[in-house]
Asks: 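Handing you a structure now.
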Amino acid sequence: MNLAYIPSPSTGVIHLGPIPLRGYAFCIIIGVFVAVWLGNKRWIARGGKPGTVADIAVWAVPFGLVGGRLYHVITDYQLYFGEGRNWVDAFKIWEGGLGIWGAIALGAVGAWIGCRLRGIPLPAWADALAPGIALAQACGRWGNWFNQELYGRATDLPWALKISDGPNRVAGTYHPTFLYESLWCLGVAALVIWADRRFKLGHGRAFALYVAAYCAGRGWIEYMRVDEAHHILGVRLNVWTAIVVFILAVVYFVLSAKLRPGREEVVEPDRGPAASDPAAEATAGTEAEADATDASSKPAASGESADSAASAASGESADSAPKPAAESATAADTGAEGKAGSEDAEAPKAAKKL
């Protein structure tokens with residue numbers, strides 16, 4: 001009998017009137033918000049624009065959910081298409097069952113579409129989001145706790161997970177593999193953030209480091225699980241998947257470092273006011289019109305000033321130039337009249353003398 005253990009919730013859903021609030025769904029939603037929040041901060045720090053990560057996540061998240069569900073249904077098809085099973089249950093995603101491998105693969109397709117629409121490189125966006133994805137997985141794994149699923153072998157350790165009787169499970173205490181993976185993902189997020197700051201990882205290498213580090217932990221955690229799964233050569237399918245994906249991530253990391261060292265200098269090219277802000281376009285147009293009006297009014301004013309100055313100058317010179325001539329003529333006429341008058345006055349006197 002264990003004196004210490006981790007209890008499991010008695011139910012994974014709470015009904016708010018007719019609306020069911022499922023713990024599994026809440027954990028997924030919280031993880032998405034955490035990933036977008038951290039990814040946005042890292043994207044801005046790399047020179048990107050606020051909101052770009054969220055815009056691309058609108059594409060990546062739905063694709064990821066579909067991909068995760070498809071991977072689970074395909075690899076565990078006997079749960080939905082076996083004898084006595086109902087294939088409609090394959091659509092009940094709230095009951096659990098998302099394969100991270102399918103979620104990342106198809107989510108990358110959605111992210112690629114979003115990046116193409118924004119004109120930015122997918123590897124740069126993936127690098128910014130990598131630690132956020134690890135944190136999202138750390139949050140999402142607690143959804144397995146609400147559903148009492150994905151636990152490990154039986155144990156009597158103080159941190160054993162207590163499981164109650166239910167469909168496809170037997171009551172007892174087991175290794176809390178959901179908790180192991182959640183803690184591992186927190187460590188992966190910390191590792192990626194540290195390595196990215198220390199070595200300036202770029203061109204998808206931060207994302208490759210996240211993938212490799214996650215696979216390293218998923219391999220040994222998957223090996224502890226006891227839920228039903230397909231085996232190849234006596235090893236669970238997801239262990240083989242983790243090994244293959246780990247090798248691919250390491251190969252990409254090494255080749256990328258040799259072929260494209262360093263980090264992208266520009267992660268999101270500026271598309272100008274027309275593409276980014278209609279208000280900025282209107283303001284720019286108003287300012288341009290104002291500048292054009294000022295430019296056209298200034299020459300007119302200058303011309304008017306020049307004409308006024310020319311007119312004033314010509315008027316002044318015209319007024320000032322004739323005045324001396326007129327005054328001289330007047331003075332000459334006055335002198336002539338004076339002389340004539342004096343001669344006329346002297347003529348009678350001369351006549352008297354005669």
Side-chain angles (χ1 to χ4, degrees), residues 8-36 39 54 56-114 129 132-151 161 163-164 166-169 176-179 181-182 185 214 218 221-222 225 227-230 236-238 241-242 245:
S8 292
S10 57
T11 179
V13 58
I14 300 175
H15 288 85
L16 185 62
I19 302 174
L21 305 177
R22 303 183 184 277
Y24 187 87
F26 269 113
C27 292
I28 298 296
I29 293 172
I30 292 172
V32 170
F33 275 102
V34 170
V36 172
I56 298 175
V58 170
W59 289 91
V61 171
F63 274 73
L65 290 175
V66 173
R69 188 61 176 178
L70 283 175
Y71 181 88
H72 167 73
V73 172
I74 292 173
T75 56
D76 292 305
Y77 61 88
Q78 72 282 356
L79 299 177
Y80 307 100
F81 303 101
E83 185 178 354
R85 302 288 184 171
N86 186 359
W87 62 271
V88 176
D89 293 340
F91 297 96
K92 298 179 180 180
I93 191 174
W94 56 86
E95 293 183 353
L98 288 175
I100 185 61
W101 316 112
I104 294 296
L106 203 56
V109 175
W112 177 79
I113 295 173
L129 203 67
I133 297 176
L135 291 180
Q137 289 178 255
C139 296
R141 275 307 176 197
W142 284 88
N144 303 132
W145 177 66
F146 279 101
N147 288 348
Q148 297 194 48
E149 59 187 5
L150 305 187
Y151 45 84
L161 176 67
I163 297 295
S164 60
N168 301 319
R169 65 174 186 256
T177 51
F178 85 90
L179 178 61
E181 187 168 337
S182 180
C185 288
Y214 171 75
R218 178 62 184 267
I221 294 172
E222 182 75 19
R225 285 168 49 175
D227 54 301
E228 186 178 357
H230 293 286
R236 293 170 66 95
L237 174 62
N238 282 333
T241 306
V245 175

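Numbers here simply count residues along the sequence, with the first being 1. Below, each value reflects all heavy atoms present in this structure, side chains not excepted, and no hydrogens, waters or symmetry copies. Source: prediction; values computed, not measured.
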Asks: Please examine the side chains of Phe146 and Thr11, heavy atoms only from C-beta on, and report whether any two atoms are closer than 4.5 Å.
Replies: no
Asks: Is it the case that more than 12 heavy atoms not belonging to Leu21 sit under 6.0 Å from its CG atom?
Replies: yes
Asks: Taking all heavy atoms of Cys27 and all of Gly143, pick out the closest pair and write down the distance.
Replies: SG-N, 3.5 Å
Asks: For Phe26, I'd like to know if atom CZ has over 12 heavy atoms of other residues, nucleotides or ligands within 6.0 Å.
Replies: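 Atom CZ in Phe26 is not packed in, count stays at 12 or less.
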Asks: Is there a donor-acceptor pair under 3.5 Å between the side chain of Thr177 and the backbone N or O of Leu150?
Replies: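 Here the side-chain-to-backbone pair exists.
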Asks: The criterion is side-chain hydrogen bond (donor to acceptor under 3.5 Å, both in side chains); which residues satisfy it with Ser8, sequence neighbours excluded?
Replies: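 None.
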Asks: Taking all heavy atoms of Leu129 and all of Ala35, pick out the closest pair and write down the distance.
Replies: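 The answer is CD1-O, 3.4 Å.
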Asks: Do you know the tightest heavy-atom contact between Ile74 and Tyr77?
Replies: O-CD2, 3.3 Å
Asks: For atom CZ of Phe81, decide whether the heavy atoms of other residues, nucleotides or ligands shown that lie under 6.0 angstrom number more than 12.
Replies: yes
Asks: Grab the two heavy atoms, one from Thr75 and one from His230, that are nearest each other, plus how far apart they are.
Replies: O-CD2, 2.5 Å
Asks: Might you work through the side chain to side chain contact (heavy atoms under 4.5 Å, CB included) test for Trp145 and Leu179, ending with a clear yes or no?
Replies: CA-CA 8 Å; Trp145 177 66; Leu179 178 61; over 6 Å; no
Asks: Minimum heavy-atom separation for Cys185 to Ala134, with atom names?
Replies: CB-O, 3.3 Å
Asks: According to the interplanar angle, ranging from 0 to 90°, do the rings of Trp59 and Phe63 count as parallel (below 30°), tilted (30 to 60°) or perpendicular (above 60°)?
Replies: tilted
Asks: To the nearest 0.5 Å, tell me how far Leu79 CG sits from His72 NE2.
Replies: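 Going from CG on Leu79 over to NE2 on His72, the span is 5.5 Å.
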Asks: Just do the side chain to side chain contact (heavy atoms under 4.5 Å, CB included) check on Val88 and Tyr80 with the steps written out, would you?
Replies: CA-CA 8 Å; Val88 176; Tyr80 307 100; over 6 Å; no
Asks: Please list every donor-acceptor pair under 3.5 Å in which a side-chain atom of residues 96-114 meets a protein atom from a residue at least two apart or in another chain.
Replies:
unit_1 : atom_1 : unit_2 : atom_2 : d
Trp101 : NE1    : Asn238 : OD1    : 3.3

Asks: What I'd like to find out is whether the side chain of Trp142 reaches to under 4.5 Å of the side chain of Phe178, using heavy atoms alone.
Replies: yes
Asks: Between atom CD1 of Ile19 and atom CD1 of Ile14, what is the distance when rounded to the nearest 0.5 Å?
Replies: 13.5 Å
Asks: Taking all non-hydrogen atoms of both residues, which atom of Ile28 and which atom of Gly140 are closest, and how far apart?
Replies: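 Heavy-atom minimum between the residues: CD1-CA, 4.3 Å.
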Asks: Which residue pairs satisfy the salt bridge (charged side-chain N to carboxylate O under 4.0 Å, His left out) criterion with at least one member in residues 136-149, sequence neighbours excluded?
Replies: Arg141-Glu181
Asks: Under the salt bridge (Lys or Arg N to Asp or Glu O under 4.0 Å) test, which residues partner Arg236, sequence neighbours left out?
Replies: Glu222, Asp227
Asks: List in chain and number order the residues that pass side-chain hydrogen bond (donor to acceptor under 3.5 Å, both in side chains) with Ser164, two or more places apart in sequence or in another chain; answer none if no residue qualifies.
Replies: Gln148
Asks: Provide the full list of salt bridge (charged side-chain N to carboxylate O under 4.0 Å, His left out) pairs with a residue in residues 70-92, sequence neighbours left out, each pair given once.
Replies: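 Every salt bridge (charged side-chain N to carboxylate O under 4.0 Å, His left out) pair that includes a residue of residues 70-92, provided the two are not neighbours, is Asp89-Lys92.
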